[in-house]
Peer 1: 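This is the structure I have questions about; it appears just below.
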Amino acid sequence: MRKQLIMGATVATIAIMALTACSSRGTTSGDSSSTIKKGDTIGVALPAKTSQNWVLAKAAFEKSITAAGFKADVQYAAATNTVPDQQNEVSAMVTKGDKVIIVAAQDGSQLGTQVKAAKAAGAIVIAWDRNLTGTKNVDYYVAFNNFKVGQLQGQALLDGMAAKKATGPYNIELFAGSPDDANAPIFFNGAMSILQPKIDDGTLKVASGETKFQQVSTQGWLAQNAQSRMSDLLTKNYSAATPTLDGVLSPNDTLGRAILTAVKAAGKPYPIVTGQDSETASIPLIMQGIQYSTIYKNTQDEAQAAVDLVVTLSKGQKPATVVDKNNYNGVITVPSVELTPILVTKANAAEAYKDNPTLEPLTK
Ligand code: BGC
């Protein structure tokens, strides 16, 4: 008992010492800001390149970081052994003394130890595009409004089907992203906020009966997983002349194209399929009326928003953030900077991409 008490006191003393050390070095979110200055290194840990947005992210960060007068240290997680690889990269950034560590997590729940070390070393931790979960050691979250992305997808699915066939009921199937990505359930919940009432009133029918996130998620956001699930769904539920499949909720373009591939292989007519990311492989499909919609999330703007936040902190100012309950990470609601996603269909593609020299020509 006595030993325990002494140990307890020692722990408390260490905790107080640690706190004192932290505040004198300025590691609590309010005052750590002043320690960031031009020339400091910003580490950016990106996930594996499962979609084009991640491919674009490295150059986007390097451009924004360099233009703001900082040094960029941008790393991808390897395609295999992805989670340990990203853990090692974040640890290495801490060891190198990167003053800001921006993380787009491969698995948002697996970086708690690394971001704890980052905070202990006095770094600012920013979750980017994907939130970090199960930790208090994340200062900010910069992303597009993920719930809004899902709502736009759900509404696009309804609008696309209504444009083809004026009245329901409509037969649909649902797909979601990877369960290790904190975004995936938020996209899905956003879409279901639009679709569930229509399922409840009989406008929409899901022949497979699979409507729960766990049933419809796609491990690793991998195209082959979505393609094989779509093939199975077609064989089991749509082999006969009826029901016909009118629409598929797809959480992004990569999976949307995989779903369309499975439909084609089954010899069925294309249903309305949604997407996300404005990938260069999907825009021509949208213009041809094969994929119905995508979402435009400008990666350069998203990287710039994170760098702007760092610039604000480096001036000793408090960044403007929002509280979004969807960004509760199981421990804290991470103060967020949210950008607005844009729904794109054939109807507005040229207008939506008009300032983007890479995407705009694809609409011609
Ligand atoms: C991103 C999406 C992307 C998906 C798969 C998500 O976290 O927000 O834009 O399509 O990951 O890489």
Side-chain angles (χ1 to χ4, degrees), residues 44-58 60-61 76-79 82-83 86 102-111 126-133 138 141-153 156 175-191 213 216-227 248-259 273-283 286 291 293-303 305-306 324 326-327 329 334 336-344 359:
V44 183
L46 298 170
K49 299 171 193 171
T50 44
S51 50
Q52 196 178 10
N53 58 317
W54 305 119
V55 178
L56 299 172
K58 186 173 197 282
F61 269 112
Y76 282 107
T82 317
V83 170
Q86 189 171 51
I102 298 176
V103 185
Q106 179 65 32
D107 180 334
S109 69
Q110 298 297 317
L111 289 159
I126 302 174
W128 187 75
D129 195 85
R130 296 176 171 177
N131 210 351
L132 291 158
T133 57
V138 47
Y141 176 45
V142 177
F144 282 85
N145 182 327
N146 296 312
F147 193 81
K148 180 79 187 164
V149 167
Q151 287 180 311
L152 292 172
Q153 291 171 331
F175 282 71
S178 189
D180 53 13
D181 175 358
N183 285 354
I186 306 176
F187 295 148
F188 187 67
N189 291 342
F213 177 78
V216 306
S217 62
T218 309
Q219 192 59 48
W221 284 98
L222 292 176
Q224 68 259 34
N225 293 341
Q227 190 174 332
V248 181
L249 175 75
S250 167
N252 79 357
D253 288 349
T254 300
L255 303 191
R257 291 194 304 277
I259 289 161
V273 175
T274 60
Q276 166 172 209
D277 293 333
S278 295
E279 292 197 345
T280 50
S282 276
I283 296 167
I286 291 171
Q291 180 179 326
S293 65
T294 185
I295 303 281
Y296 187 26
K297 305 194 301 185
N298 186 309
T299 302
Q300 187 70 61
D301 290 351
E302 196 181 6
D324 179 341
N326 292 302
N327 301 338
N329 76 353
V334 184
S336 304
V337 173
E338 287 185 347
L339 292 86
T340 306
I342 299 168
L343 179 84
V344 181
L359 301 180

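Just follow the structure's listing: the first ligand is 1, and inside any ligand the first atom is 1.
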Peer 1: Would you please write out the protein residues whose heavy atoms approach any atom of ligand 1 to under 4.0 angstrom, listed by chain and number?
Peer 2: Thr50, Ser51, Asn53, Trp54, Asp129, Arg130, Asp181, Asn183, Phe187, Trp221, Asn252, Gln276, Asp277, Lys297

Peer 1: Is Phe144 close to Glu338 at the side-chain level, that is, under 4.5 Å between some pair of heavy atoms?
Peer 2: no

Peer 1: Do Trp221 and Asn252 have side-chain N/O donor and acceptor atoms under 3.5 Å apart?
Peer 2: no

Peer 1: Could I get the full list of side chain to side chain donor-acceptor pair (under 3.5 Å) partners for Gln300, not counting sequence neighbours?
Peer 2: Ser64

Peer 1: Taking only residues two or more places apart in sequence or in another chain, which ones pass side chain to side chain donor-acceptor pair (under 3.5 Å) with Ser178?
Peer 2: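 Side chain to side chain donor-acceptor pair (under 3.5 Å) list for Ser178, sorted by chain: Asp180.
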
Peer 1: Just to verify, what does Lys58 make a side chain to side chain donor-acceptor pair (under 3.5 Å) with, not counting sequence neighbours?
Peer 2: Glu62

Peer 1: With ring pair (Phe, Tyr, Trp, His ring centres under 6.0 Å) as the test, would you mind laying out the steps for Phe61 and Trp128 before giving the verdict?
Peer 2: CA-CA 11 Å; Phe61 269 112; Trp128 187 75; 4.6 Å; yes

